[in-house]
Amino acid sequence: QEVVGKLGSELYGTDAPPYLDAFSRVAISGGSLQIESDFPSPGRHFSISAVSPGRHQFAIIATDITEIKRAEASVLYNAKRLKTVAEILQYQAKTLQEFLDYALAQAIELTGSRLGYIYFYDEDSRRFVLNSWSKDVMAECRVLNPRTCYELDKTGIWGEAVRQRRPIIVNDFEADHPLKKGYPPGHVRLSRFMTIPVFHNDRIMAVVGVANKEAAYGTADVQELTLLMDAVWKSVEPIRGEEALRESYARIRTEQEFNRGLFDTSPAFIVAIGFDGRTLMMNQALLDALEYSLEEVVGVDYLTTFVPQEDRATVEEVFGRII
């Protein structure tokens with residue numbers, strides 16, 4: 001009783017009845033039509049069949065296939081995420097910075113976002129250290145002297161991922177929010193925002209944020225970003241360890257070269273002798289005086305080779321006191 005005699009535009013709440021042109025052709029030709037369509041208002045997906053039961057008439061049958069489409073989308077999305085993870089793990093990065101920059105770019109694409117960042121976090125010092133900003137952030141941000149380190153207690157809503165130890169979503173960033181602390185002048189504008197903590201051995205190692213997706217962020221976005229970054233971080237820790245080891249070796253080499261420089265430029269005679277009495281190192285001033293090369297003196301018994309017989313007792317006594 002409520003629908004008979006009403007126009008299609010009235011029934012569907014639209015300016016014009018959907019697909020009227022296509023259905024009219026079915027009515028005129030006497031044929032049939034099969035289409036699939038999204039209807040945003042109820043948020044459903046339908047498979048629609050149209051037939052002509054009589055001259056200049058058409059009838060439609062609509063089947064709700066929303067759950068089928070969601071399942072298909074989920075399969076495709078999971079396949080895309082796995083492909084993204086494989087591409088990240090196979091990416092031949094020269095440094096950890098390059099690896100995470102690439103991972104962030106992939107995370108932004110996977111979630112349909114425009115902006116993103118990765119901050120390392122130290123639970124002991126409660127401090128964030130910026131690792132990666134997306135390129136669009138750097139292009140749009142006009143903050144003078146942007147900071148790269150933040151204390152947890154001084155962060156706004158983006159620090160809640162650490163304080164609450166869970167993902168945070170804000171789909172209307174312009175609206176008032178008790179946890180927001182505003183923008184610094186020139187900061188890139190945000191419309192939607194999502195951030196997640198990255199855990200390793202139950203400790204938060206980093207936070208990853210993405211922003212300005214056209215549609216609202218939801219639980220599926222949280223799950224996909226979390227799974228992606230969990231896989232990424234399994235590679236991050238070994239890379240960080242390797243880089244720390246390389247830095248340690250480089251520092252040791254630098255110190256050795258520095259000490260060697262002082263050793264060789266001193267005008268005094270300097271020799272390093274092991275507990276067994278053999279020569280370990282000799283500076284250039286002493287080598288020149290003795291007219292030896294370094295290769296000729298290393299490993300040689302110093303006392304019997306370079307100390308005159310009459311002085312050996314004194315030198316041995318000094319050695320004894322030192323040892």
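Note that this is a predicted model, so its numbers are computed, not measured.
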Look only at the side chain of T195 and the backbone of I168, and say whether a donor-acceptor pair between them is shorter than 3.5 Å. no
Is the backbone of H45 close enough, under 3.5 Å, to the side chain of T66 for a donor and an acceptor to pair up by distance? yes
For V298 and M281, run side chain to side chain contact (heavy atoms under 4.5 Å, CB included): C-alpha distance rounded to whole Å, both residues' side-chain angles, the deciding distance at 0.1 Å, then the answer. CA-CA 6 Å; V298 171; M281 187 65 69; 5.6 Å; no
What I want to find out is whether R114 reaches E214 closely enough, with some N-O distance under 4.0 Å, to be called a salt bridge. no
Indicate, with yes or no, if the rings of Y117 and Y119 have centres closer together than 6.0 Å. yes
For I48 and A62, which heavy atoms make the closest approach, and how far apart are they? CG1-CB, 4.2 Å
Report yes if the side chains of T63 and F46 come closer than 4.5 Å at any heavy-atom pair, otherwise no. no
Rounded to the nearest 0.5 Å, how far does CG of L228 lie from OG1 of T226? 9.5 Å
For a quick check under 3.5 Å, do S293 and E296 share a side-chain donor-acceptor pair by atom type? yes
Check against side-chain hydrogen bond (donor to acceptor under 3.5 Å, both in side chains), D301 and T304: CA-CA 6 Å; D301 186 289; T304 59; 3.1 Å; yes
With sequence neighbours left out, which residue pairs that include part of residues 45-64 fulfil the salt bridge (charged side-chain N to carboxylate O under 4.0 Å, His left out) condition? R44-D64
Scan side-chain atoms only and decide if E36 and S47 contain a donor-acceptor pair under the 3.5 Å cut-off. no
Please enumerate all residues that pass side-chain hydrogen bond (donor to acceptor under 3.5 Å, both in side chains) together with R127, with sequence neighbours excluded. none
Taking a hydrophobic cluster as the set of Ile, Leu, Val, Met, Phe, Trp and Tyr residues connected by side-chain heavy atoms closer than 4.5 Å, whether directly or through intermediates, do V307 and V271 fall within one such cluster? yes
Out of curiosity, does I273 fall in the hydrophobic cluster containing L303 (side-chain heavy atoms, cut-off under 4.5 Å, transitive links)? yes
C149 versus V129, closest heavy-atom pair with distance: SG-CG2, 4.1 Å
For E310, check side chain to side chain contact (heavy atoms under 4.5 Å, CB included) against everything at least two apart and list the hits. P308
Looking only at side chains, do R163 and T155 share a donor and an acceptor under 3.5 Å apart? yes
Answer with yes or no whether the hydrophobic clustering places V51 together with I60; edges join I, L, V, M, F, W, Y residues whose side-chain heavy atoms lie under 4.5 Å apart. no
What is the minimum heavy-atom distance between A161 and V207, and which atoms define it? CB-CG1, 4.3 Å
Hey, what do you get for CZ (F120) to CE (M205), rounding to the nearest 0.5 Å? 8.5 Å
Which residues satisfy the side-chain hydrogen bond (donor to acceptor under 3.5 Å, both in side chains) test with D311, sequence neighbours excluded? none
Please list all pairs passing the salt bridge (charged side-chain N to carboxylate O under 4.0 Å, His left out) test where one or both residues lie in residues 116-126, with sequence neighbours left out. E123-R165, E123-R203, D124-R203, R126-D153
Is the closest side-chain heavy-atom distance between L287 and L294 below 4.5 Å? yes
Without swapping roles, check the side chain of S52 against the backbone of Q57 for a donor-acceptor pair under 3.5 Å. yes
Joint hydrophobic cluster, L227 plus V236, side-chain heavy atoms closer than 4.5 Å: no
Check for a donor-acceptor pair, side chain of Q106 on one end and backbone N or O of A103 on the other, with a separation under 3.5 Å. no
Heavy-atom closest pair, residues F173 and F193: CD1-CB, 3.7 Å
With sequence neighbours left out, write down each residue that passes side-chain hydrogen bond (donor to acceptor under 3.5 Å, both in side chains) with W158, or none if nothing qualifies. none
Nearest 0.5 Å, please: how far is CG in L286 from CZ in F269? 6.0 Å
Please assess V297 against L290 for the test side chain to side chain contact (heavy atoms under 4.5 Å, CB included), listing each intermediate value before the final yes or no. CA-CA 10 Å; V297 301; L290 296 174; 5.7 Å; no
Taken to the nearest 0.5 Å, the spacing of I169 CD1 from N171 CG works out to 6.5 Å
Test your reading of the model: is there a side-chain donor-acceptor pair from N283 to the backbone of I270, 3.5 Å cut-off? yes
Do you reckon Y102 sits in the same ILVMFWY cluster as V210, going by side-chain contacts under 4.5 Å, direct or chained? yes
Residue pair A268 / A285: nearest heavy atoms and the distance that separates them: O-CB, 3.8 Å
Side-chain heavy atoms under 4.5 Å apart, restricted to Ile/Leu/Val/Met/Phe/Trp/Tyr: what other residues fall into the cluster of I68, or is it alone? I65
Short N-O contact, E174 and R189, less than 4.0 angstrom: yes
To the nearest 0.5 Å, what is the distance between CE on M282 and CG on L280? 10.5 Å
Going by the rule side-chain hydrogen bond (donor to acceptor under 3.5 Å, both in side chains), which residues pair with S29 if we only count those two or more places apart in sequence or in a different chain? none
Taking only residues two or more places apart in sequence or in another chain, which ones pass ring pair (Phe, Tyr, Trp, His ring centres under 6.0 Å) with F306? Y292, Y302
Going by atom types alone, do T111 and E224 pair a side-chain donor with an acceptor below 3.5 Å? no
Kindly write out the residues that satisfy side chain to side chain contact (heavy atoms under 4.5 Å, CB included) with N201, not counting sequence neighbours, or none if the list is empty. none
Residues that P167 engages under side chain to side chain contact (heavy atoms under 4.5 Å, CB included), provided they are two or more places apart: I196, P197, V222
Show the numbers, then the answer: is there a side chain to side chain contact (heavy atoms under 4.5 Å, CB included) between L225 and M194? CA-CA 10 Å; L225 186 57; M194 178 177 75; 3.7 Å; yes
Can you name the side chain to side chain contact (heavy atoms under 4.5 Å, CB included) partners of A105, sequence neighbours left out? none
Pair L130-W133, side chain to side chain contact (heavy atoms under 4.5 Å, CB included): steps then yes or no: CA-CA 8 Å; L130 176 65; W133 274 111; 2.9 Å; yes
Calculate, to the nearest 0.5 Å, the distance between atoms CZ and CG belonging to F128 and L152 respectively. 5.0 Å
